[in-house]
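Quick note: numbers below take in every heavy atom, side chains included, and nothing from hydrogens, waters or symmetry partners.
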Amino acid sequence: MKKFILTGVAAALTVAFSSAAMANFTAGKDYTVLQNPGTVTVPGKLEVREFFWYGCGHCFTLEPHMQAWLKKIPKDVNFIRTPAAMNKVWEQNARGYYVSEALGVRQKTHLPLFHAIHDKGQQIFDQKSQAKFFTQYGVPEAKFNSLYNSFAITAKVSQANKLAQQYQLTGVPAVVVNGKYVVQGENAKVTEVVDFLLNQERKAK
């Protein structure tokens with residue numbers, strides 16, 4: 001009986017601590033308030049936009065937490081994954097990401113590409129290596145290469161860069177909430193802060 005009571009107390013304390021932690025997230029410490037907020041893509045919906053690079057170890061570490069969060073994403077939230085293109089190397093992977101999206105294979109290739117780079121040590125960063133990687137998912141190299149430098153893909157990369165500049169990003173991973181806040185990190189706390197900020201935005205409505 002005593003053991004049951006102690007277990008119940010411990011559980012209650014854990015819940016209380018978690019609630020307190022959620023309530024104590026503060027600007028400047030757990031997230032950054034943007035001086036130049038952006039607009040959301042889907043009017044009427046809250047937005048969560050994740051900036052990442054496939055070669056980033058921190059992004060790879062964060063990804064399982066983002067995947068877990070996405071499984072229970074609230075219906076009033078629109079999630080957008082944005083490949084950072086803040087330098088020439090990153091831009092090549094950003095182009096590859098948008099090509100995979102245009103060809104409808106992104107959902108099948110996103111996690112495998114992360115794992116190929118970080119678990120298997122494969123250097124899949126330039127156009128040639130990416131074109132070869134995507135052949136595993138039914139994408140002919142010629143088709144991949146025809147889109148890689150196309151106007152449509154270049155426009156998406158340009159837009160990604162503009163957003164990164166607007167949000168004053170200096171690195172990844174970075175999760176932008178409703179165009180107003182930036183959350184950075186690589187553990188479960190990131191999604192906790194994201195949920196905290198989404199609740200703030202709901203209350204503000």
Side-chain angles (χ1 to χ4, degrees), residues 10-54 56-87 90-91 93-94 97-98 101 106-107 110-111 114 155-205:
L13 287 173
T14 299
V15 171
F17 177 77
S18 298
S19 299
M22 285 287 285
N24 287 331
F25 290 138
T26 55
K29 179 184 177 184
D30 302 301
Y31 61 91
T32 301
V33 179
L34 291 164
Q35 295 181 345
N36 185 22
T39 56
V40 298
T41 304
V42 180
K45 276 205 167 189
L46 299 172
E47 182 173 290
V48 173
R49 183 184 292 269
E50 178 197 9
F51 287 84
F52 75 100
W53 172 48
Y54 281 117
C56 167
H58 300 295
C59 299
F60 181 62
T61 302
L62 175 63
E63 189 61 23
H65 301 294
M66 293 303 297
Q67 291 292 329
W69 180 81
L70 284 168
K71 287 178 181 178
K72 55 181 180 180
I73 185 171
K75 292 182 179 179
D76 63 344
V77 176
N78 179 42
F79 176 74
I80 305 170
R81 190 176 279 112
T82 303
M86 294 152 66
N87 59 51
W90 294 14
E91 181 184 319
N93 278 122
Y97 176 87
Y98 284 126
E101 194 173 64
R106 180 191 59 77
Q107 289 189 334
H110 181 65
L111 290 178
F114 254 135
K156 285 181 175 291
V157 170
S158 177
Q159 178 63 16
N161 261 329
K162 287 179 181 177
L163 286 171
Q165 291 171 11
Q166 179 178 358
Y167 297 145
Q168 298 180 307
L169 302 185
T170 56
V172 290
V175 183
V176 179
V177 179
N178 227 30
K180 298 179 180 180
Y181 315 98
V182 178
V183 185
Q184 293 185 288
E186 59 181 20
N187 55 30
K189 180 184 173 183
V190 170
T191 56
E192 291 174 4
V193 177
V194 166
D195 283 334
F196 168 78
L197 292 170
L198 288 172
N199 283 330
Q200 269 198 174
E201 289 297 287
R202 289 187 186 100
K203 291 175 183 177
K205 282 186 176 182

Where do [X] and [Y] come nearest, in terms of heavy atoms and distance?
{"X": "Asn24", "Y": "Asp30", "result": "O-OD2, 3.8 Å"}
{"X": "Met86", "Y": "Leu169", "result": "CE-O, 3.3 Å"}
{"X": "Ala84", "Y": "Ala94", "result": "O-CB, 4.0 Å"}
{"X": "Phe114", "Y": "Cys56", "result": "CE2-O, 4.4 Å"}
{"X": "Gln166", "Y": "Pro37", "result": "NE2-O, 3.1 Å"}
{"X": "Val33", "Y": "Ala27", "result": "CG2-CB, 3.8 Å"}

Between atom [atom1] of [X] and atom [atom2] of [Y], what is the distance when rounded to the nearest 0.5 Å?
{"X": "Leu46", "Y": "Ile73", "atom1": "CG", "atom2": "CD1", "answer": "10.0 Å"}
{"X": "Trp69", "Y": "Asp195", "atom1": "CH2", "atom2": "CG", "answer": "6.5 Å"}
{"X": "Leu198", "Y": "Phe196", "atom1": "CG", "atom2": "CZ", "answer": "11.0 Å"}
{"X": "Gln165", "Y": "Asn36", "atom1": "CD", "atom2": "CG", "answer": "11.5 Å"}
{"X": "Tyr167", "Y": "Thr170", "atom1": "OH", "atom2": "OG1", "answer": "15.5 Å"}
{"X": "Arg49", "Y": "Thr82", "atom1": "CZ", "atom2": "OG1", "answer": "4.0 Å"}

- Message: One pair to check against side-chain contact (heavy atoms from CB on, under 4.5 Å): Leu163 and Phe51. What are the steps and the verdict?
- Response: CA-CA 10 Å; Leu163 286 171; Phe51 287 84; 3.9 Å; yes
- Query: Given the rule in the side-chain contact (heavy atoms from CB on, under 4.5 Å) test, do Asp76 and Arg202 qualify, once you have shown the distances and angles that lead to the verdict?
  - Reply: CA-CA 9 Å; Asp76 63 344; Arg202 289 187 186 100; 2.7 Å; yes
- Do the non-hydrogen side-chain atoms of Leu111 and Gln67 ever get within less than 4.5 Å of each other? yes
- Query: Any side-chain heavy atom of Asn78 sitting closer than 4.5 Å to one from Val40?
  - Reply: no
- So with a 6.0 Å cut-off around NE2 of His58, is the heavy-atom count from everything else above 12? no
- Message: Let's go through Tyr98 and Arg106 carefully: what are the C-alpha distance in whole Å and the side-chain angles of both, what is the deciding distance for side-chain contact (heavy atoms from CB on, under 4.5 Å) to 0.1 Å, and is it a yes or a no?
- Response: CA-CA 8 Å; Tyr98 284 126; Arg106 180 191 59 77; over 6 Å; no
- Item | Stepwise side-chain contact (heavy atoms from CB on, under 4.5 Å) test for Gln200 and Val177 | CA-CA 11 Å; Gln200 269 198 174; Val177 179; over 6 Å; no
- Item | Pair Phe52 + Tyr97: ring centers closer than 6.0 Å | yes
- Item | Donor-acceptor contact present, side-chain Lys45 to main-chain Lys75, <3.5 Å | yes
- Query: Between the main-chain N or O of Thr41 and the side-chain N or O of Glu47, is there a donor-acceptor pair closer than 3.5 Å?
  - Reply: yes
- Are Arg81 and Glu101 within salt-bridge range, i.e. N to O under 4.0 Å? no
- Note on the structure: Applied to residues 159-186, the salt bridge (charged side-chain N to carboxylate O under 4.0 Å, His left out) test, sequence neighbours excluded, yields Lys180-Glu201
